[in-house]
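Take a look at the structure below.
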2 protein chains.
Amino acid sequence: MDVLPVSWGPPRPERADAARNRAHLLATARQMLAESGPDQLTMDALAERSGLGKGTVFRRFGTRAGIFQALLDEIERGLQERVMSGPPPLGPGAPPVDRLVAYGRARVRLLLENTEIARFALDGRQPLPSSSRTPASQMHIRMLLRQLSLDGADLDLLAIQLTAALDGPLLLYLSADALTSAGPQIEQSLGSAWQDLIERVCRP
Amino acid sequence: MDVLPVSWGPPRPERADAARNRAHLLATARQMLAESGPDQLTMDALAERSGLGKGTVFRRFGTRAGIFQALLDEIERGLQERVMSGPPPLGPGAPPVDRLVAYGRARVRLLLENTEIARFALDGRQPLPSSSRTPASQMHIRMLLRQLSLDGADLDLLAIQLTAALDGPLLLYLSADALTSAGPQIEQSLGSAWQDLIERVCRP
DNA sequence: AACGTAAGCGGACTATACCCCGCATGGCGG
DNA sequence: CCGCCATGCGGGGTATAGTCCGCTTACGTT
(Lines give C-alpha, C1' and ligand atoms only; values in the text may rest on other atoms or scores of the structure.)
Protein backbone atom coordinates (compact mmCIF):
# COMPACT_ATOMS: atom_id res chain seq x y z
CA MET A 1 0.00 0.00 0.00
CA ASP A 2 0.99 3.61 -0.18
CA VAL A 3 2.14 5.76 2.68
CA LEU A 4 -0.34 6.26 5.47
CA PRO A 5 0.74 9.56 6.96
CA VAL A 6 -0.68 10.78 10.23
CA SER A 7 -0.44 14.47 9.51
CA TRP A 8 -0.04 16.23 6.20
CA GLY A 9 1.72 19.53 5.96
CA PRO A 10 -0.61 21.37 3.58
CA PRO A 11 -3.54 18.97 3.08
CA ARG A 12 -4.25 20.32 -0.39
CA PRO A 13 -2.80 23.14 -2.44
CA GLU A 14 -6.03 25.15 -3.11
CA ARG A 15 -7.63 24.98 -6.47
CA ALA A 16 -6.76 27.52 -9.14
CA ASP A 17 -10.21 29.11 -9.43
CA ALA A 18 -10.38 29.39 -5.67
CA ALA A 19 -7.13 31.33 -5.56
CA ARG A 20 -8.31 33.57 -8.36
CA ASN A 21 -11.56 34.25 -6.55
CA ARG A 22 -9.79 34.97 -3.27
CA ALA A 23 -7.61 37.57 -4.93
CA HIS A 24 -10.58 39.07 -6.73
CA LEU A 25 -12.61 39.24 -3.54
CA LEU A 26 -9.81 40.96 -1.65
CA ALA A 27 -9.34 43.47 -4.43
CA THR A 28 -13.05 44.24 -4.55
CA ALA A 29 -13.18 44.54 -0.77
CA ARG A 30 -10.30 47.00 -0.75
CA GLN A 31 -12.02 49.02 -3.44
CA MET A 32 -15.38 49.09 -1.64
CA LEU A 33 -13.63 50.07 1.55
CA ALA A 34 -11.96 53.01 -0.13
CA GLU A 35 -15.18 54.15 -1.75
CA SER A 36 -17.79 53.85 0.96
CA GLY A 37 -16.20 52.94 4.27
CA PRO A 38 -16.30 49.77 6.34
CA ASP A 39 -20.00 49.87 7.16
CA GLN A 40 -20.99 49.38 3.55
CA LEU A 41 -18.72 46.39 3.20
CA THR A 42 -21.33 43.71 3.82
CA MET A 43 -21.11 40.08 2.80
CA ASP A 44 -24.01 40.42 0.37
CA ALA A 45 -22.66 43.56 -1.21
CA LEU A 46 -19.20 42.10 -1.62
CA ALA A 47 -20.64 38.98 -3.24
CA GLU A 48 -22.80 40.91 -5.66
CA ARG A 49 -20.16 43.47 -6.52
CA SER A 50 -17.58 40.82 -7.25
CA GLY A 51 -20.04 38.79 -9.27
CA LEU A 52 -19.71 35.76 -7.02
CA GLY A 53 -22.10 33.92 -4.76
CA LYS A 54 -22.65 34.70 -1.13
CA GLY A 55 -21.65 31.17 -0.19
CA THR A 56 -18.27 31.71 -1.81
CA VAL A 57 -17.57 34.76 0.27
CA PHE A 58 -18.32 32.89 3.45
CA ARG A 59 -16.32 29.89 2.36
CA ARG A 60 -13.28 32.12 1.88
CA PHE A 61 -13.47 34.29 4.96
CA GLY A 62 -15.71 32.40 7.32
CA THR A 63 -16.88 35.55 8.99
CA ARG A 64 -17.37 39.20 8.33
CA ALA A 65 -14.45 39.89 10.61
CA GLY A 66 -12.51 37.42 8.52
CA ILE A 67 -12.59 39.79 5.56
CA PHE A 68 -10.99 42.52 7.60
CA GLN A 69 -8.46 40.08 9.03
CA ALA A 70 -7.50 39.07 5.52
CA LEU A 71 -7.16 42.71 4.48
CA LEU A 72 -5.02 43.42 7.52
CA ASP A 73 -2.85 40.40 6.85
CA GLU A 74 -2.23 41.70 3.38
CA ILE A 75 -1.28 45.10 4.73
CA GLU A 76 1.02 43.61 7.33
CA ARG A 77 2.82 41.53 4.77
CA GLY A 78 4.74 44.60 3.62
CA LEU A 79 5.94 45.24 7.14
CA GLN A 80 6.92 41.61 7.55
CA GLU A 81 9.13 41.81 4.51
CA ARG A 82 10.87 44.93 5.72
CA VAL A 83 11.37 43.21 9.08
CA MET A 84 12.84 40.08 7.60
CA SER A 85 15.03 41.48 4.89
CA GLY A 86 15.03 45.28 5.10
CA PRO A 87 17.64 47.65 6.49
CA PRO A 88 18.26 47.96 10.23
CA PRO A 89 17.08 48.82 12.77
CA LEU A 90 13.80 47.34 11.56
CA GLY A 91 15.51 44.59 9.61
CA PRO A 92 18.29 42.29 10.80
CA GLY A 93 21.59 43.70 11.93
CA ALA A 94 20.70 46.00 14.81
CA PRO A 95 20.69 45.12 18.54
CA PRO A 96 17.48 43.38 19.60
CA VAL A 97 16.25 46.27 21.75
CA ASP A 98 16.61 48.70 18.87
CA ARG A 99 14.76 46.29 16.62
CA LEU A 100 11.97 45.94 19.14
CA VAL A 101 11.60 49.70 19.39
CA ALA A 102 11.66 50.12 15.63
CA TYR A 103 9.15 47.35 15.14
CA GLY A 104 6.75 48.82 17.66
CA ARG A 105 6.93 52.26 16.11
CA ALA A 106 6.36 50.84 12.64
CA ARG A 107 3.42 48.77 13.80
CA VAL A 108 1.87 51.71 15.64
CA ARG A 109 2.05 53.68 12.45
CA LEU A 110 0.55 50.88 10.41
CA LEU A 111 -2.31 50.35 12.84
CA LEU A 112 -3.05 54.05 13.06
CA GLU A 113 -3.26 54.18 9.30
CA ASN A 114 -5.72 51.31 9.31
CA THR A 115 -7.60 51.73 12.52
CA GLU A 116 -10.97 50.91 11.09
CA ILE A 117 -9.88 47.72 9.41
CA ALA A 118 -8.14 46.62 12.56
CA ARG A 119 -11.17 47.36 14.68
CA PHE A 120 -13.55 45.48 12.43
CA ALA A 121 -11.13 42.57 12.31
CA LEU A 122 -11.84 42.14 16.00
CA ASP A 123 -14.39 39.53 16.97
CA GLY A 124 -15.22 37.93 20.27
CA ARG A 125 -15.93 34.43 19.02
CA GLN A 126 -13.51 32.86 16.62
CA PRO A 127 -15.25 29.98 14.89
CA LEU A 128 -12.17 29.54 12.75
CA PRO A 129 -10.08 26.36 12.90
CA SER A 130 -8.35 28.16 15.79
CA SER A 131 -4.99 26.72 14.86
CA SER A 132 -2.15 28.97 13.75
CA ARG A 133 -3.80 31.78 15.65
CA THR A 134 -0.41 33.12 16.64
CA PRO A 135 0.10 36.42 14.89
CA ALA A 136 3.36 37.15 13.21
CA SER A 137 3.74 40.17 15.45
CA GLN A 138 3.88 38.02 18.53
CA MET A 139 6.38 35.60 17.05
CA HIS A 140 8.68 38.39 16.00
CA ILE A 141 8.63 39.97 19.43
CA ARG A 142 9.25 36.60 21.02
CA MET A 143 12.23 36.00 18.75
CA LEU A 144 13.84 39.30 19.64
CA LEU A 145 13.17 38.80 23.34
CA ARG A 146 14.95 35.45 23.25
CA GLN A 147 18.08 37.12 21.92
CA LEU A 148 18.14 39.32 24.99
CA SER A 149 18.48 36.42 27.44
CA LEU A 150 16.29 37.98 30.08
CA ASP A 151 16.54 35.75 33.11
CA GLY A 152 13.57 34.51 35.01
CA ALA A 153 11.01 35.51 32.42
CA ASP A 154 8.48 33.35 30.60
CA LEU A 155 9.25 34.53 27.09
CA ASP A 156 6.04 33.20 25.58
CA LEU A 157 3.85 35.05 28.03
CA LEU A 158 5.98 38.18 27.99
CA ALA A 159 5.68 38.25 24.21
CA ILE A 160 1.92 37.91 24.49
CA GLN A 161 1.79 40.74 27.01
CA LEU A 162 3.89 43.03 24.87
CA THR A 163 1.86 42.22 21.78
CA ALA A 164 -1.27 43.08 23.70
CA ALA A 165 0.33 46.31 24.89
CA LEU A 166 1.00 47.18 21.28
CA ASP A 167 -2.38 46.27 19.78
CA GLY A 168 -4.70 46.76 22.72
CA PRO A 169 -4.35 50.51 23.15
CA LEU A 170 -5.30 51.17 19.58
CA LEU A 171 -8.02 48.62 19.19
CA LEU A 172 -9.70 48.76 22.53
CA TYR A 173 -8.80 51.62 24.76
CA LEU A 174 -8.30 54.56 22.49
CA SER A 175 -11.70 55.55 21.23
CA ALA A 176 -12.21 56.38 17.60
CA ASP A 177 -12.53 60.12 18.15
CA ALA A 178 -9.35 60.26 20.20
CA LEU A 179 -7.55 58.88 17.19
CA THR A 180 -8.94 61.18 14.55
CA SER A 181 -8.63 64.32 16.66
CA ALA A 182 -5.09 63.98 17.93
CA GLY A 183 -3.91 62.81 14.53
CA PRO A 184 -0.17 62.59 14.06
CA GLN A 185 0.60 63.58 17.61
CA ILE A 186 -0.83 60.36 19.00
CA GLU A 187 1.52 58.39 16.80
CA GLN A 188 4.50 60.06 18.41
CA SER A 189 3.11 59.53 21.89
CA LEU A 190 2.35 55.88 21.36
CA GLY A 191 5.72 55.30 19.74
CA SER A 192 7.54 56.89 22.66
CA ALA A 193 5.43 55.02 25.16
CA TRP A 194 6.31 51.76 23.45
CA GLN A 195 10.00 52.63 23.48
CA ASP A 196 9.81 53.48 27.16
CA LEU A 197 8.04 50.24 27.95
CA ILE A 198 10.58 48.16 26.03
CA GLU A 199 13.52 49.88 27.63
CA ARG A 200 12.07 49.36 31.08
CA VAL A 201 11.35 45.71 30.46
CA CYS A 202 14.75 45.00 28.93
CA ARG A 203 16.84 46.89 31.45
CA PRO A 204 19.50 44.58 32.98
CA MET B 1 -35.21 83.11 35.22
CA ASP B 2 -33.65 80.10 36.84
CA VAL B 3 -30.09 78.97 36.61
CA LEU B 4 -28.87 78.24 33.13
CA PRO B 5 -26.05 75.82 33.76
CA VAL B 6 -23.80 74.71 30.97
CA SER B 7 -23.15 71.22 32.25
CA TRP B 8 -25.01 69.22 34.85
CA GLY B 9 -23.32 66.57 36.91
CA PRO B 10 -25.80 63.73 36.62
CA PRO B 11 -28.43 65.03 34.17
CA ARG B 12 -31.18 62.90 35.66
CA PRO B 13 -31.21 60.24 38.34
CA GLU B 14 -32.83 57.33 36.37
CA ARG B 15 -36.43 56.56 36.92
CA ALA B 16 -37.49 53.98 39.47
CA ASP B 17 -39.07 51.54 37.04
CA ALA B 18 -36.02 51.74 34.80
CA ALA B 19 -33.75 50.76 37.65
CA ARG B 20 -36.03 47.90 38.60
CA ASN B 21 -36.06 46.62 35.04
CA ARG B 22 -32.29 46.87 34.73
CA ALA B 23 -31.82 44.76 37.82
CA HIS B 24 -34.41 42.27 36.64
CA LEU B 25 -32.80 42.00 33.21
CA LEU B 26 -29.36 41.42 34.68
CA ALA B 27 -30.71 38.75 37.02
CA THR B 28 -32.48 36.98 34.17
CA ALA B 29 -29.39 37.21 32.00
CA ARG B 30 -27.23 35.67 34.72
CA GLN B 31 -29.74 32.89 35.11
CA MET B 32 -29.96 32.17 31.38
CA LEU B 33 -26.20 32.17 31.16
CA ALA B 34 -25.91 29.60 33.93
CA GLU B 35 -28.57 27.40 32.38
CA SER B 36 -27.76 27.35 28.70
CA GLY B 37 -24.49 29.13 27.98
CA PRO B 38 -23.72 32.41 26.27
CA ASP B 39 -24.91 31.42 22.81
CA GLN B 40 -28.49 31.08 23.97
CA LEU B 41 -28.44 34.51 25.56
CA THR B 42 -30.00 36.44 22.70
CA MET B 43 -31.72 39.78 22.89
CA ASP B 44 -35.08 38.31 21.93
CA ALA B 45 -34.83 35.45 24.39
CA LEU B 46 -33.82 37.77 27.21
CA ALA B 47 -36.71 40.07 26.47
CA GLU B 48 -39.26 37.30 26.35
CA ARG B 49 -37.93 35.45 29.37
CA SER B 50 -37.92 38.59 31.48
CA GLY B 51 -41.40 39.55 30.30
CA LEU B 52 -40.22 42.86 28.84
CA GLY B 53 -40.09 44.27 25.34
CA LYS B 54 -37.15 43.97 23.05
CA GLY B 55 -36.90 47.74 22.83
CA THR B 56 -36.32 47.88 26.55
CA VAL B 57 -33.45 45.45 26.40
CA PHE B 58 -31.76 47.50 23.70
CA ARG B 59 -32.42 50.75 25.51
CA ARG B 60 -30.65 49.38 28.58
CA PHE B 61 -27.67 47.69 27.00
CA GLY B 62 -27.43 49.18 23.55
CA THR B 63 -25.77 46.11 22.14
CA ARG B 64 -25.56 42.41 22.68
CA ALA B 65 -22.02 42.91 23.87
CA GLY B 66 -23.43 45.50 26.27
CA ILE B 67 -25.22 42.80 28.21
CA PHE B 68 -22.00 40.96 28.77
CA GLN B 69 -20.22 44.18 29.67
CA ALA B 70 -22.87 44.90 32.26
CA LEU B 71 -22.54 41.40 33.68
CA LEU B 72 -18.78 41.78 33.83
CA ASP B 73 -19.10 45.16 35.51
CA GLU B 74 -21.25 43.59 38.16
CA ILE B 75 -18.72 40.84 38.70
CA GLU B 76 -15.87 43.33 38.90
CA ARG B 77 -17.66 45.41 41.48
CA GLY B 78 -16.76 42.89 44.15
CA LEU B 79 -13.10 43.19 43.26
CA GLN B 80 -13.33 46.96 43.26
CA GLU B 81 -14.63 46.93 46.80
CA ARG B 82 -11.86 44.71 48.03
CA VAL B 83 -9.39 47.00 46.28
CA MET B 84 -10.76 50.14 47.82
CA SER B 85 -11.46 49.02 51.36
CA GLY B 86 -10.18 45.49 51.82
CA PRO B 87 -7.03 44.23 53.53
CA PRO B 88 -3.60 44.73 51.98
CA PRO B 89 -1.87 44.01 49.71
CA LEU B 90 -4.96 44.24 47.50
CA GLY B 91 -6.47 47.01 49.57
CA PRO B 92 -4.77 50.19 50.79
CA GLY B 93 -1.78 50.01 53.07
CA ALA B 94 0.77 48.03 51.07
CA PRO B 95 3.53 49.43 48.83
CA PRO B 96 2.27 50.31 45.33
CA VAL B 97 4.23 47.57 43.60
CA ASP B 98 2.76 44.93 45.87
CA ARG B 99 -0.68 46.32 45.27
CA LEU B 100 -0.14 46.23 41.51
CA VAL B 101 0.97 42.62 41.68
CA ALA B 102 -1.92 41.64 43.91
CA TYR B 103 -4.41 43.45 41.71
CA GLY B 104 -3.15 41.75 38.57
CA ARG B 105 -3.30 38.33 40.13
CA ALA B 106 -6.82 38.93 41.38
CA ARG B 107 -7.96 40.19 38.02
CA VAL B 108 -6.39 37.28 36.19
CA ARG B 109 -8.31 34.94 38.43
CA LEU B 110 -11.54 36.84 37.89
CA LEU B 111 -11.15 36.87 34.13
CA LEU B 112 -10.27 33.20 33.99
CA GLU B 113 -13.38 32.41 35.97
CA ASN B 114 -15.48 34.41 33.49
CA THR B 115 -13.70 33.93 30.23
CA GLU B 116 -16.81 33.51 28.17
CA ILE B 117 -18.50 36.60 29.50
CA ALA B 118 -15.36 38.61 28.94
CA ARG B 119 -14.99 37.35 25.41
CA PHE B 120 -18.55 38.14 24.46
CA ALA B 121 -18.22 41.56 26.03
CA LEU B 122 -15.71 42.33 23.31
CA ASP B 123 -16.97 44.19 20.28
CA GLY B 124 -15.20 46.01 17.49
CA ARG B 125 -17.60 48.89 17.13
CA GLN B 126 -18.84 50.66 20.22
CA PRO B 127 -22.05 52.51 19.40
CA LEU B 128 -22.32 53.42 23.08
CA PRO B 129 -22.23 57.04 24.20
CA SER B 130 -18.46 56.49 24.05
CA SER B 131 -17.82 58.72 27.03
CA SER B 132 -16.57 57.32 30.30
CA ARG B 133 -15.06 54.41 28.45
CA THR B 134 -12.18 54.33 30.86
CA PRO B 135 -12.38 51.10 32.78
CA ALA B 136 -11.88 51.08 36.51
CA SER B 137 -8.99 48.70 36.04
CA GLN B 138 -7.05 51.26 34.07
CA MET B 139 -7.69 54.04 36.55
CA HIS B 140 -6.57 51.92 39.46
CA ILE B 141 -3.35 50.94 37.73
CA ARG B 142 -2.72 54.55 36.82
CA MET B 143 -3.23 55.65 40.41
CA LEU B 144 -0.73 53.13 41.72
CA LEU B 145 1.78 54.01 39.03
CA ARG B 146 1.65 57.66 40.01
CA GLN B 147 2.63 56.79 43.56
CA LEU B 148 5.79 55.22 42.20
CA SER B 149 7.09 58.42 40.65
CA LEU B 150 8.60 56.74 37.62
CA ASP B 151 10.51 59.38 35.78
CA GLY B 152 10.22 60.00 32.10
CA ALA B 153 7.10 57.89 31.63
CA ASP B 154 3.73 58.90 30.26
CA LEU B 155 1.61 57.49 33.03
CA ASP B 156 -1.63 57.56 31.07
CA LEU B 157 -0.23 55.55 28.23
CA LEU B 158 1.73 53.23 30.48
CA ALA B 159 -1.46 52.50 32.37
CA ILE B 160 -3.24 51.77 29.11
CA GLN B 161 -0.46 49.46 28.02
CA LEU B 162 -0.46 47.55 31.27
CA THR B 163 -4.23 47.26 31.24
CA ALA B 164 -4.04 45.86 27.75
CA ALA B 165 -1.37 43.42 28.85
CA LEU B 166 -3.69 42.26 31.60
CA ASP B 167 -6.90 41.97 29.57
CA GLY B 168 -5.68 41.43 26.06
CA PRO B 169 -3.76 38.23 26.54
CA LEU B 170 -6.71 36.50 28.08
CA LEU B 171 -9.35 37.82 25.77
CA LEU B 172 -7.54 37.69 22.49
CA TYR B 173 -4.39 35.68 22.40
CA LEU B 174 -5.16 32.73 24.61
CA SER B 175 -7.55 30.56 22.68
CA ALA B 176 -10.53 29.05 24.40
CA ASP B 177 -9.21 25.52 24.44
CA ALA B 178 -5.89 26.58 25.90
CA LEU B 179 -7.83 27.95 28.84
CA THR B 180 -10.02 24.95 29.55
CA SER B 181 -7.24 22.42 29.08
CA ALA B 182 -4.48 23.98 31.13
CA GLY B 183 -6.94 24.89 33.86
CA PRO B 184 -5.49 26.14 37.12
CA GLN B 185 -1.93 26.00 35.91
CA ILE B 186 -2.47 28.84 33.49
CA GLU B 187 -3.67 31.04 36.31
CA GLN B 188 -0.37 30.60 38.09
CA SER B 189 1.62 31.25 34.94
CA LEU B 190 -0.28 34.39 34.05
CA GLY B 191 -0.07 35.67 37.59
CA SER B 192 3.68 35.17 37.68
CA ALA B 193 4.10 36.71 34.26
CA TRP B 194 2.20 39.78 35.43
CA GLN B 195 4.34 40.03 38.54
CA ASP B 196 7.48 39.77 36.45
CA LEU B 197 6.27 42.43 34.05
CA ILE B 198 5.39 44.83 36.85
CA GLU B 199 8.68 44.32 38.61
CA ARG B 200 10.59 44.94 35.41
CA VAL B 201 8.65 48.08 34.61
CA CYS B 202 8.92 49.50 38.10
CA ARG B 203 12.58 48.73 38.66
CA PRO B 204 14.48 51.92 39.55
C1' DA C 1 -54.88 66.33 43.85
C1' DA C 2 -54.75 67.02 39.04
C1' DC C 3 -51.68 68.13 35.17
C1' DG C 4 -47.83 68.35 31.79
C1' DT C 5 -43.84 66.64 30.29
C1' DA C 6 -40.01 63.98 29.55
C1' DA C 7 -38.34 59.49 30.17
C1' DG C 8 -39.42 54.87 29.44
C1' DC C 9 -41.67 51.02 27.05
C1' DG C 10 -43.27 47.68 23.48
C1' DG C 11 -43.22 45.08 19.59
C1' DA C 12 -43.58 45.26 14.57
C1' DC C 13 -40.03 46.11 10.96
C1' DT C 14 -35.53 45.94 8.49
C1' DA C 15 -31.03 44.57 7.39
C1' DT C 16 -27.65 41.21 7.28
C1' DA C 17 -24.52 37.62 9.10
C1' DC C 18 -24.34 32.96 8.58
C1' DC C 19 -26.14 27.97 7.07
C1' DC C 20 -27.23 24.40 3.76
C1' DC C 21 -27.35 21.39 0.09
C1' DG C 22 -27.83 20.36 -4.78
C1' DC C 23 -24.96 21.62 -8.93
C1' DA C 24 -20.72 22.73 -11.57
C1' DT C 25 -15.96 22.24 -12.46
C1' DG C 26 -11.02 21.75 -12.04
C1' DG C 27 -7.38 18.36 -11.71
C1' DC C 28 -5.85 13.69 -11.92
C1' DG C 29 -5.65 8.54 -13.16
C1' DG C 30 -6.54 5.41 -16.91
C1' DC D 1 -8.45 12.02 -24.56
C1' DC D 2 -12.06 10.79 -21.19
C1' DG D 3 -14.34 9.96 -16.98
C1' DC D 4 -14.22 10.24 -11.66
C1' DC D 5 -14.92 12.75 -7.53
C1' DA D 6 -13.43 15.99 -4.29
C1' DT D 7 -13.37 20.73 -4.01
C1' DG D 8 -15.51 24.77 -4.82
C1' DC D 9 -19.81 27.49 -6.13
C1' DG D 10 -24.53 29.53 -5.90
C1' DG D 11 -28.24 31.66 -4.02
C1' DG D 12 -32.35 30.93 -1.31
C1' DG D 13 -33.50 30.30 3.78
C1' DT D 14 -33.17 31.36 8.78
C1' DA D 15 -32.16 33.59 13.00
C1' DT D 16 -31.17 37.62 15.28
C1' DA D 17 -29.07 42.22 16.11
C1' DG D 18 -30.57 46.72 15.98
C1' DT D 19 -34.22 50.73 14.64
C1' DC D 20 -38.51 53.37 15.00
C1' DC D 21 -42.40 55.59 16.56
C1' DG D 22 -46.69 55.88 18.91
C1' DC D 23 -48.36 54.75 23.59
C1' DT D 24 -47.67 54.60 28.74
C1' DT D 25 -46.06 56.01 33.08
C1' DA D 26 -43.30 58.13 36.77
C1' DC D 27 -42.52 62.32 38.98
C1' DG D 28 -42.03 67.42 39.65
C1' DT D 29 -45.07 71.45 39.60
C1' DT D 30 -49.08 74.34 40.57
Side-chain angles (χ1 to χ4, degrees), chain A residues 1-2 8 10-26 28-29 32 36-70 119-129, chain B residues 1-3 8 10-26 28-29 32-33 36-70 120-130:
Chain A
M1 62 173 72
D2 290 335
W8 303 265
R12 254 331 156 86
E14 185 179 63
R15 241 162 69 172
D17 54 347
R20 209 180 326 125
N21 283 339
R22 146 175 280 126
H24 182 218
L25 283 170
L26 278 175
T28 310
M32 292 177 69
S36 1
D39 288 322
Q40 307 304 315
L41 182 47
T42 71
M43 301 303 251
D44 283 359
L46 176 58
E48 184 173 7
R49 172 103 177 234
S50 59
L52 294 172
K54 215 190 322 185
T56 307
V57 179
F58 275 93
R59 166 176 304 273
R60 284 279 79 98
F61 302 112
T63 281
R64 183 171 140 85
I67 295 181
F68 293 91
Q69 287 168 19
R119 193 128 99 272
F120 279 94
L122 220 55
D123 189 3
R125 53 247 163 98
Q126 41 197 21
L128 296 173
Chain B
M1 63 172 70
D2 289 335
V3 290
W8 303 264
R12 253 335 154 84
E14 185 180 64
R15 240 163 68 175
D17 53 347
R20 210 179 324 123
N21 283 341
R22 149 176 277 127
H24 182 216
L25 283 170
L26 279 176
T28 310
M32 292 176 68
L33 207 52
S36 3
D39 288 322
Q40 307 304 315
L41 182 47
T42 73
M43 301 303 249
D44 283 355
L46 177 57
E48 184 173 6
R49 171 103 178 233
S50 60
L52 296 171
K54 210 193 328 186
T56 307
V57 178
F58 273 94
R59 165 174 306 272
R60 285 275 79 97
F61 302 112
T63 278
R64 180 172 142 84
I67 295 180
F68 292 91
Q69 286 169 18
F120 279 92
L122 221 55
D123 190 3
R125 54 243 161 106
Q126 42 196 22
L128 297 173
S130 92

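Chain A is the first sequence line, chain B the second, and so forth, proteins listed ahead of strands; every chain is numbered from 1. Since the structure is predicted, the reported quantities are computational estimates derived from the model, not experimental observations.
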Taking all atoms of both residues into account, what is the closest heavy-atom pair of [X] and [Y], and its distance?
X: A/M43; Y: A/I67; value: SD-CD1, 3.5 Å
X: B/S50; Y: B/A47; value: OG-O, 3.1 Å
X: B/L41; Y: B/A29; value: CD2-O, 4.1 Å

Roughly how many Å is it from [atom1] in [X] to [atom2] in [N], rounded to a whole number?
X: B/R64; N: D/dT19; atom1: CZ; atom2: P; value: 16 Å
X: B/L25; N: C/dG8; atom1: CG; atom2: P; value: 14 Å
X: B/F61; N: C/dC9; atom1: CZ; atom2: P; value: 11 Å
X: B/N21; N: C/dA7; atom1: CG; atom2: C1'; value: 13 Å
X: A/L41; N: C/dA15; atom1: CG; atom2: P; value: 18 Å
X: B/I67; N: D/dG18; atom1: CD1; atom2: C1'; value: 12 Å
X: B/R59; N: D/dA17; atom1: CZ; atom2: P; value: 19 Å

Which parts of nucleotides 25-30 of chain C does protein reach within less than 4.0 Å, heavy atoms only, written one letter per nucleotide 5' to 3' as B for base, S for sugar-phosphate only and - for none? BSS---
According to salt bridge (charged side-chain N to carboxylate O under 4.0 Å, His left out), who are the partners of B/R22, at least two apart in sequence or on a separate chain?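 If we apply the salt bridge (charged side-chain N to carboxylate O under 4.0 Å, His left out) test to B/R22, skipping adjacent residues, the hits are B/E14.
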State which residues pass side-chain contact (heavy atoms from CB on, under 4.5 Å) with B/T42; sequence neighbours excluded, sorted by chain then number.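 B/T42 satisfies side-chain contact (heavy atoms from CB on, under 4.5 Å) with B/D44, B/A45 once adjacent residues are dropped.
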With side-chain contact (heavy atoms from CB on, under 4.5 Å) as the criterion, how do A/L122 and A/F68 come out once you've worked through the C-alpha distance, each side chain's angles and the decisive distance to 0.1 Å? CA-CA 8 Å; A/L122 220 55; A/F68 293 91; over 6 Å; no
The criterion is side-chain hydrogen bond (donor to acceptor under 3.5 Å, both in side chains); which residues satisfy it with A/R59, sequence neighbours excluded?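 Counting only residues at least two positions away or on another chain, A/R59 forms no side-chain hydrogen bond (donor to acceptor under 3.5 Å, both in side chains).
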When all nucleic acid strands are considered with a 4.0 Å heavy-atom cut-off, which category describes A/R60: base, sugar-phosphate, or nothing?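 Counting heavy atoms under 4.0 Å across all strands, the contact made by A/R60 is with sugar-phosphate only.
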Out of the candidates A/L52, A/L25, A/T56, A/L26, only one should pair with A/L46 under the side-chain contact (heavy atoms from CB on, under 4.5 Å) rule; please name it.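 So, applying the side-chain contact (heavy atoms from CB on, under 4.5 Å) to A/L46 and each of A/L52, A/L25, A/T56, A/L26, only A/L25 qualifies.
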Report yes if some heavy atom in the side chain of B/Q69 is under 4.5 Å from a heavy atom in the side chain of B/F120; otherwise report no.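 The answer is no, as the side chains (C-beta and beyond) never meet within the 4.5 Å cut-off.
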Tell me which residues in residues 42-58 of chain A put a heavy atom below 4.0 Å from DNA chain D, sorted by number, or none.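 Only A/L52, A/G53, A/K54, A/G55, A/T56 qualify.
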